[in-house]
Protein chains: 2
Amino acid sequence: MTETTTLAELALRRPSRADARRNYDSLIGAARNSFAELGTEAPLEEIARRADVGIATLYRNFPTREALIESVYLEEVLAVCNAAGEVAHLEPWEALLAWLRRVVTYVGAKRVLVEGLNRDSNTFKACRLGLYEAGAPLLERAQAAKLVRPDVAIDDVIRLVAGIAGIGSTTEEQRDRILAIALDGLKRAA
Amino acid sequence: MTETTTLAELALRRPSRADARRNYDSLIGAARNSFAELGTEAPLEEIARRADVGIATLYRNFPTREALIESVYLEEVLAVCNAAGEVAHLEPWEALLAWLRRVVTYVGAKRVLVEGLNRDSNTFKACRLGLYEAGAPLLERAQAAKLVRPDVAIDDVIRLVAGIAGIGSTTEEQRDRILAIALDGLKRAA
DNA sequence: CATATAAGTGGAGGGTTCCTCCGTTTAGCG
DNA sequence: CGCTAAACGGAGGAACCCTCCACTTATATG
């Protein structure tokens, strides 16, 4: 389970001492707000200030800005992975569709974060793998039911969907229309 | 013609005095190199230095970093627009396909620039309109030949393709495969 | 409980980049 | 040739980055 690895990584990086852990959590919270409000270029000193923590504490927990962005990002990804379980009761195609829409919503909202982080980092890779593992059963089920062309893999699908979700300056409605086009391509027999 | 508007805008912003125009061009060149080499966060003072120009001159021509990025970006977009004319001699579907591949190549290569610029800026909007105008005839021709579903507009298509092109950390090969899926959705009858 | 100690903390400060202001220079016109 | 408006360069204050180190505190142990 890659989620386990990911979760373990997060847990491992969380300090063991009580006061340190409190500061760590406070920093993550302050960072989430600051990034949402000011973008990923938000001054780190501002984040430390909001977290009521010295700047050095921020740097000790998150040596680089990217490390901080990643940690905020990680939580969001886990939520999407969990959503895969929540749609399991639906029909194969509906389940896949519902989850992919969830991915779109999520990536759309968090694009700011995604753009700010290093795509080659371990955490980012782990997140991607986590998404693959969460989505793979849904895809395979739909393929087994002959509803989705058999020549695509889950990473193709997620990248396709995530790419569309990441399109800027568009309406909810247009995004849905574009997504529908792409998903039509998915349904088509090979 | 939106390209004309765009071009006119660029021309308008170009200084009229000979020495000023020389500096302006030198700055654009230096910026292109610096962005390619150091990313869009390249120090503006470094760009000014490379252009052999005072920092104030840079700021006078481009009040913000974004304005500078936009100006570099503009040139690239014009090249893609022109490419639409170069494929006109092909069969309808082939022409559309060829041009969309060109868009993908271009967006992929210049993602660094695209990410650095403000998607709500006038210049960016003008570029988008320019791309629409360049691509629309190709799409319409393919639709008239019943090769593309009639319920899509050029902005849908370009956003779809551009979204895929912007996907990070992937191979050329996977990108092509994903693009093929999406374009299959395009071909399908409504 | 006392206390040793390892872990954690805050903020001063040196370095870099940003961006404005203003005194000086120069292109282009009459 | 000389005038003037346009353009120029760079000094310098402010914001931010990140490291270093002297001080504080949680927790394990006797």
Side-chain angles (χ1 to χ4, degrees), chain A residues 10-72 112-113 115-118 121, chain B residues 10-72 112-113 115-118 121:
Chain A
L10 181 64
L12 275 173
R13 289 180 194 189
R14 212 151 159 258
S16 50
R17 233 173 77 168
D19 56 343
R21 202 162 41 233
R22 214 175 315 125
N23 283 340
Y24 177 95
D25 292 340
S26 175
L27 276 168
I28 293 263
R32 196 204 326 279
N33 293 342
S34 299
F35 289 152
E37 225 171 281
L38 310 167
T40 46
E41 298 298 306
L44 296 181
E45 296 182 332
E46 166 74 13
I47 294 175
R49 209 174 311 128
R50 291 194 193 195
D52 242 319
V53 144
I55 184 66
T57 300
L58 186 153
Y59 277 100
R60 210 171 312 105
N61 281 288
F62 310 99
T64 65
R65 174 184 298 272
E66 269 180 11
L68 182 54
I69 298 175
E70 277 174 16
S71 298
V72 174
V112 154
L113 276 185
E115 283 181 6
L117 61 74
N118 171 12
S121 77
Chain B
L10 182 65
L12 274 174
R13 289 179 194 192
R14 213 152 157 253
S16 50
R17 231 173 79 169
D19 57 342
R21 200 160 43 233
R22 213 176 316 125
N23 283 341
Y24 177 96
D25 292 341
S26 175
L27 276 168
I28 292 263
R32 196 203 327 279
N33 293 343
S34 300
F35 289 153
E37 226 170 281
L38 310 168
T40 46
E41 297 301 303
L44 296 182
E45 296 183 329
E46 166 74 15
I47 295 175
R49 208 174 310 127
R50 290 194 194 194
D52 242 318
V53 144
I55 184 65
T57 299
L58 186 152
Y59 277 100
R60 210 171 309 108
N61 280 287
F62 310 98
T64 66
R65 176 184 297 273
E66 269 180 10
L68 182 54
I69 297 175
E70 277 174 17
S71 298
V72 173
V112 154
L113 276 186
E115 282 180 7
L117 61 75
N118 171 12
S121 75

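What you are looking at is a predicted structure, and each value in this text was computed from that prediction instead of being measured. Letters A, B, ... mirror the listed sequences (proteins, then strands); counts begin at 1.
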Q. Under a criterion of less than 4.0 angstrom to any heavy atom of chain B, what are the 5'-terminal and 3'-terminal contacting nucleotides of DNA chain D?
A. dA6(D) to dA11(D)
Q. Rounded to the nearest 0.5 Å, what separation is found between the CZ atom of Arg32(A) and the CG atom of Leu27(A)?
A. 12.0 Å
Q | 5′-ward residue of the pair Arg60(B)/Ala18(B) relative to DNA chain C | A | Arg60(B)
Side chains of residues 41-51 of chain B: which donor-acceptor partners sit under 3.5 Å, not counting sequence neighbours?
from, atom 1, to, atom 2, distance (Å)
Glu46(B), OE1, Arg49(B), NH1, 2.7
Glu46(B), OE2, Arg50(B), NE, 2.9
Arg50(B), NH1, Glu37(B), OE1, 3.4
Arg50(B), NH2, Glu37(B), OE2, 3.1

**Q.** Gap separating the CD1 atom of Ile28(B) from the CG atom of Asn61(B), nearest 0.5 angstrom
**A.** 8.5 Å
Q: Round to a whole Å and report the spacing from CZ of Arg21(B) to C1' of dG28(C).
A: 12 Å
**Q.** Gap separating the CG atom of Asp19(A) from the OH atom of Tyr24(A), nearest 0.5 angstrom
**A.** 15.0 Å
(Q) From OH of Tyr24(B) over to C1' of dA27(C), roughly how many Å is that when rounded to an integer? (A) 20 Å
Q | Contact summary for Ala67(B) and Pro63(B), nearest pair of heavy atoms | A | CB-CD, 4.0 Å
Q: Can you tell me the distance, in whole Å, between the CG atom of Leu58(A) and the P atom of dG8(C)?
A: 15 Å
Q | Rounded interatomic separation in angstrom, taking CZ from Arg22(B) and C1' from dT25(C) | A | 14 Å
Q | side-chain N/O Arg17(B) vs dT26(C) OP1/OP2, d < 4.0 Å | A | no
Q. What is the minimum heavy-atom distance between Arg65(B) and Thr40(B), and which atoms define it?
A. NH1-O, 2.7 Å
What are the atom names and distances for every N/O pair under 3.5 Å that joins the protein to nucleotides 16-19 of chain C?
from, atom 1, to, atom 2, distance (Å)
dC18(C), OP1, Arg65(B), NH2, 2.4
dC18(C), OP2, Leu44(B), N, 3.0
dC19(C), OP2, Tyr59(B), OH, 3.0
dC19(C), N4, Glu45(B), OE2, 2.8

Q.
Students often get this wrong, so: under 4.0 angstrom with heavy atoms, is Ala56(A) touching a base, only sugar-phosphate, or nothing?
A. base
